[in-house]
*Asks:* 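My structure is below; once you've seen it, I'll send some questions.
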Amino acid sequence: MAQFAPQETNGDTPTKGRKSKKGKKSQNLHSEINLSKYLFDTYNNTEDHITRCAISYLLKTSCKINDKQGKPEKFGQRRRKLEIQIQRLTEKLAARIPKGRDLTDTQ
């Protein structure tokens with residue numbers, strides 16, 4: 001990732017007049033496009049699940065890494081909440097299956 005990060009220049013070259021914000025934005029946009037293209041290509045070419053998870057995390061967070069660690073309690077609560085939601089949806093889908101009449105009178 002370091003090879004695709006925008007390179008900072010030292011203030012050796014003096015600039016005259018106003019600084020253009022458009023050039024900097026287009027430069028950042030161009031580097032982000034190259035980085036995301038590289039990440040997508042790497043994701044498609046790799047078979048390692050851990051690498052794929054890391055790449056998808058970077059793509060989801062716009063290639064920014066959070067320095068703070070997550071709290072396991074919050075993760076557990078979020079997971080349990082989703083498990084309950086999945087269970088409710090499964091029950092709702094099972095209830096939607098039509099119950100037809102027993103035409104053969106076997107029951």
Side-chain angles (χ1 to χ4, degrees):
M1 206 165 112
Q3 68 187 14
F4 290 101
Q7 301 292 329
E8 300 253 347
T9 58
N10 295 335
D12 295 340
T13 57
T15 57
K16 293 182 180 180
R18 291 185 179 177
K19 293 183 181 179
S20 174
K21 292 184 180 181
K22 289 183 182 179
K24 194 172 190 179
K25 285 184 181 179
S26 65
Q27 210 174 36
N28 287 342
L29 180 63
H30 183 66
S31 66
E32 286 179 15
I33 290 171
N34 284 342
L35 179 60
S36 63
K37 184 176 184 281
Y38 173 75
L39 288 174
F40 277 116
D41 291 340
T42 305
Y43 182 87
N44 290 332
N45 294 332
T46 188
E47 295 295 324
D48 185 26
H49 294 294
I50 295 174
T51 306
R52 283 183 149 205
C53 288
I55 291 172
S56 63
Y57 176 81
L58 287 173
L59 289 169
K60 185 174 82 170
T61 60
S62 302
C63 300
K64 294 181 180 144
I65 300 172
N66 194 357
D67 292 334
K68 298 184 293 184
Q69 283 188 334
K71 296 180 181 176
E73 297 85 19
K74 284 190 176 183
F75 175 74
Q77 287 175 350
R78 220 174 40 231
R79 181 179 173 162
R80 181 65 184 141
K81 190 178 190 180
L82 286 174
E83 285 175 354
I84 292 169
Q85 187 177 9
I86 290 170
Q87 182 182 8
R88 287 181 181 160
L89 286 173
T90 306
E91 290 172 359
K92 187 184 273 188
L93 286 173
R96 290 180 66 186
I97 296 174
K99 298 174 185 160
R101 296 183 304 168
D102 186 18
L103 297 175
T104 58
D105 200 26
T106 57
Q107 290 184 351

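Note that these values count all heavy atoms, side chains included, but never hydrogens, waters or copies made by symmetry. Everything quoted here is computed from the prediction, not taken from an experiment.
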*Asks:* Scan T42, L35, D41 and name whichever one has a side chain to side chain contact (heavy atoms under 4.5 Å, CB included) with L39.
*Replies:* L35
*Asks:* With a 4.5 Å cut-off on side-chain heavy atoms, are Q87 and T90 touching?
*Replies:* no
*Asks:* How far apart are the closest heavy atoms of F40 and L59, and which atoms are they?
*Replies:* CE2-CD1, 3.7 Å
*Asks:* Dump the intermediate steps for side chain to side chain contact (heavy atoms under 4.5 Å, CB included) on K81 and I84, then the final yes or no.
*Replies:* CA-CA 5 Å; K81 190 178 190 180; I84 292 169; over 6 Å; no
*Asks:* When rounded to the nearest 0.5 angstrom, what distance separates CG in N45 from OG1 in T51?
*Replies:* 12.0 Å
*Asks:* So how far is it from K71 NZ to Q77 CD, rounded to the nearest 0.5 Å?
*Replies:* 10.5 Å
*Asks:* Do NZ/NE/NH1/NH2 and the carboxylate oxygens of E91 and R88 come within less than 4.0 Å?
*Replies:* no
*Asks:* Please determine whether the number of non-hydrogen atoms from other residues, nucleotides or ligands lying under 6.0 Å from atom CD1 of I50 exceeds 12.
*Replies:* no
*Asks:* Hey, could you give me the OH/CD1 distance between Y38 and I55, rounded to the nearest 0.5 Å?
*Replies:* 8.0 Å
*Asks:* How close do D48 and T46 get, counting heavy atoms only, and between which atoms?
*Replies:* N-OG1, 3.4 Å
